[in-house]
Amino acid sequence: MGKEPALLFQRESRLCTPSLYRRVFESPSKRFQTRSFRLLCLENELNHPRLGVVVSKKSSPLAVRRNMVKRVVRDSFRRYSLRLGKIDVVVIAKEGSMKFSKPDFTDWKEDIKKQLRQEIETLWQKLMSS
RNA sequence: UUAGCUAGCCAGACAGUCGCUGUGCAACAAUUUGUUUUGUUGCAGGGAGGAAAGUCCGGGCUCCGCAGGGCAAGGUGCCAGGUAACACCUGGGCGGUAUGCCAAUGGCAUAUUGACGGAAAGUGCAACAGAAAGAUACCGCUGUUCUUUGAGCAGUAAGGGUGAAAUGGUGCGGUAAGAGCGCACCGCGCGGCUGGUAACAGACGCGGCAAGGCAAACCCCGCCUGGAGCAAGACCAAAUAGGAACUCAUACUCAGCGCACUAGGCGAAGAGUCUUGGCUGCCCGCCAUUGGAGUUCGGGUAGGUUGCUUGAGGUGAUCGGUGACGAUCAUCCUAGAGGAAUGACUGUCCACGACAGAACCCGGCUUAUCGGCUAGCUUUCUUU
């Protein structure tokens, strides 16, 4: 199992400046969406993918929840980064992404995380198959 | 051992794998004349909170403004202390509430609570009820007039009734009936005295007592306050456009002049054209014009660096103080990101894990919060 190449997520794998985000927003080559996320992407001239995450205060007012969404997306991207190719990706959390009804059972937070992770993985699958 | 209150502490634990971000060390590579600097890899070690939150107060820090004073605006309001400062904290005073005790119309103790200056400067407000809410007679009581039941007039705030609130309270005297009308005690106001740093308290003397409440209604009085905030501010600075200085080169057309002459050559000056700028945005007109290339300089955008964590700092001891807190000594360094790190997965265990994520830094307040631990006090039951 431990023979995989290192799945890193360093500074060069992120969209760090507003201009890079604007580039993707203004002319995305592909769009996908699920219940909680919207995904825009555009080919870049590097030999690795780059990720940007947008989680607005509208999508969830608490900073803790926003951090949680970002971490899920980022970690999933890290696992898929070698398979994605030369592309800039922006993932936007939609407004209802955290509005799950609070269930009775105790580990409902874990459940939300699992659901978000499944959604983001289906997005990667769509992106690779297209 | 049961329940509660107050104060303080913790914020699932352990192991493994992968990942992110600072720090230290080492190696390698690039870079620099060089000290270095940058990158990669490895190892070690650090990496959210008690509220990080709300942004409600108070400061530090930064830039801008500022002779001094006043007005306005905002804040604040018993006294003293603590503090860098505060609306916070500590201690005290006074008032309210609750409980308990006692020698009981009261006093004392404990707990709790109060934006707690001014209502005889002015304005305003008070639903419903009630006669009347700021000036008043509904019932009643008393006197008197009229022809009697009754009505009018006058006096009266003791009684009834209404209300959150009705013009000091109780008793005795007094009176036509009443009323601080008079007296005693209590309350209130004034005066000096005593105690206290003061708020205030005490006893004494004087005054019959001023027409009630609300100032978190306006307001008056005292005191305080310059503005904006780390997206503050400082530094480096690509490309593009524009600015300034300097250097080199010196557009086109025209006719004439001088030199030279086989010449379409050379030189100086003039007129015009186009370019650019200014005169009002445009046109005309007028004025200026060296119009191409290069170098340097300054401002400055993207971007980068910094501010950025050693501080009114923590811990311990001793001393001072009723206490908040202070002084001295010793010791420790404990996140520093920035499209924003502190996470993911697996396993084991248990009480099955709440509220919630640093963003320049501190001191408070307020709000959210599953549980657990440790003291002190009160309390239930059991045992001796």
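Protein chains get the first letters and strands the later ones, always in sequence-line order, with residue 1 at the start of each.
Contacts of A/E121 classified as side-chain hydrogen bond (donor to acceptor under 3.5 Å, both in side chains), with partners at least two apart in sequence or in another chain: none. Checked against side-chain hydrogen bond (donor to acceptor under 3.5 Å, both in side chains), A/S29 has the following partners two or more places apart in sequence or in another chain: A/E43.
Across all strands shown, B/rU374 forms a Watson-Crick or G-U wobble pair with B/rA7, both key distances being under 3.5 Å. Figure legend. B/rG242 is base-paired to no nucleotide; pairs are counted as Watson-Crick or G-U wobble with both atom distances under 3.5 Å. Pairing partner, B/rG285: B/rC279, with both Watson-Crick or wobble hydrogen-bond distances short of 3.5 Å. Under the Watson-Crick or G-U wobble criterion, with both distances below 3.5 Å, B/rA109 is paired with B/rU99. Look at B/rA251: its Watson-Crick or wobble partner, with both distances under 3.5 angstrom, is B/rU273. In a base pair of the Watson-Crick type (N1 to N3 plus N6-O4 or O6-N4) or a G-U wobble (N1-O2 and O6-N3), with each distance short of 3.5 Å, B/rA344 is matched with B/rU17. Of the nucleotides present, none pairs with B/rG264 by Watson-Crick or G-U wobble criteria with both distances under 3.5 Å. Across all strands shown, B/rG143 forms a Watson-Crick or G-U wobble pair, both distances under 3.5 Å, with B/rC153.
Here B/rG339 presents its P atom at 18 Å from CD1 of A/I92, a figure rounded to the nearest Å. One atom, CZ of A/F77, and another, P of B/rC20, lie 13 Å apart when rounded to the nearest Å. For A/R66 and B/rG339, the CZ to P distance is 16 Å, given to the nearest whole Å. Taking atom CG of residue A/L40 and atom C1' of nucleotide B/rG339, one finds them 15 Å apart after rounding to whole Å.
A syn orientation is assigned to B/rA48, its glycosidic angle lying within 90° of 0. A glycosidic torsion no more than 90° from 0 defines the syn conformation, and B/rG50 adopts it. Glycosidic conformation of B/rU113: anti, with the torsion beyond 90° of 0. Glycosidic conformation of B/rU369: anti, with the torsion beyond 90° of 0. For B/rG22, the base is syn relative to its sugar; the glycosidic angle is within 90° of 0.
Residues A/S76 and A/W124 share a closest heavy-atom pair of OG-NE1, 2.9 Å. Nearest heavy-atom pair, A/Q33 versus A/K126, reported as atom, atom and distance to 0.1 Å: O-NZ, 3.5 Å.
Comparing B/rA151 with B/rG134, their C1' atoms are spaced 31 Å from each other, to the whole Å. With both ends at atom P, the span from B/rC63 to B/rC14 equals 47 Å, rounded to whole Å. Taking atom P in both B/rG4 and B/rU384, the straight-line distance is 29 Å, to the nearest Å. Comparing the C1' positions of B/rG338 and B/rU306 gives an interatomic distance of 14 Å, to the nearest angstrom. Here, B/rU197 and B/rC86 have their P atoms 25 Å apart, quoted to the whole Å. Taking atom P in both B/rG226 and B/rA327, one finds a spacing of 28 Å when rounded to whole Å. Across B/rC365 and B/rG50, the matching C1' atoms stand 15 Å from one another, rounded to whole Å. Using atom C1' as the reference point in both B/rG91 and B/rA198, the two lie 13 Å apart (nearest Å).
The pair A/D75-A/R79 meets the salt-bridge criterion, since a charged nitrogen lies less than 4.0 angstrom from a carboxylate oxygen.
Results of the side chain to side chain contact (heavy atoms under 4.5 Å, CB included) test with A/R50 over A/V90, A/V89, A/V24, A/D88 single out A/D88 as the only residue that passes.
For the pair A/Y80 and A/P49, the minimum side-chain heavy-atom distance is 4.5 Å or more.
Nearest-nucleotide positions on RNA chain B for A/G52 and A/A63 put A/G52 closer to the 5' end.
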Give each protein N/O atom lying under 3.5 Å from an N/O atom of nucleotides 340-343 of chain B, with the pair distance.
unit_1: B/rA340; atom_1: OP2; unit_2: A/R74; atom_2: NH2; d: 3.3
unit_1: B/rA341; atom_1: OP1; unit_2: A/R74; atom_2: NH2; d: 3.3
unit_1: B/rU342; atom_1: OP2; unit_2: A/R71; atom_2: NE; d: 2.9
unit_1: B/rU342; atom_1: OP2; unit_2: A/R71; atom_2: NH2; d: 3.0

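Side-chain atoms of A/T122 come within 3.5 Å of backbone atoms of A/E119 as a donor-acceptor pair (strictly under, hydrogens ignored).
Once rounded to the nearest 0.5 Å, the distance linking CD1 of A/I87 with CG of A/L51 reads 11.5 Å.
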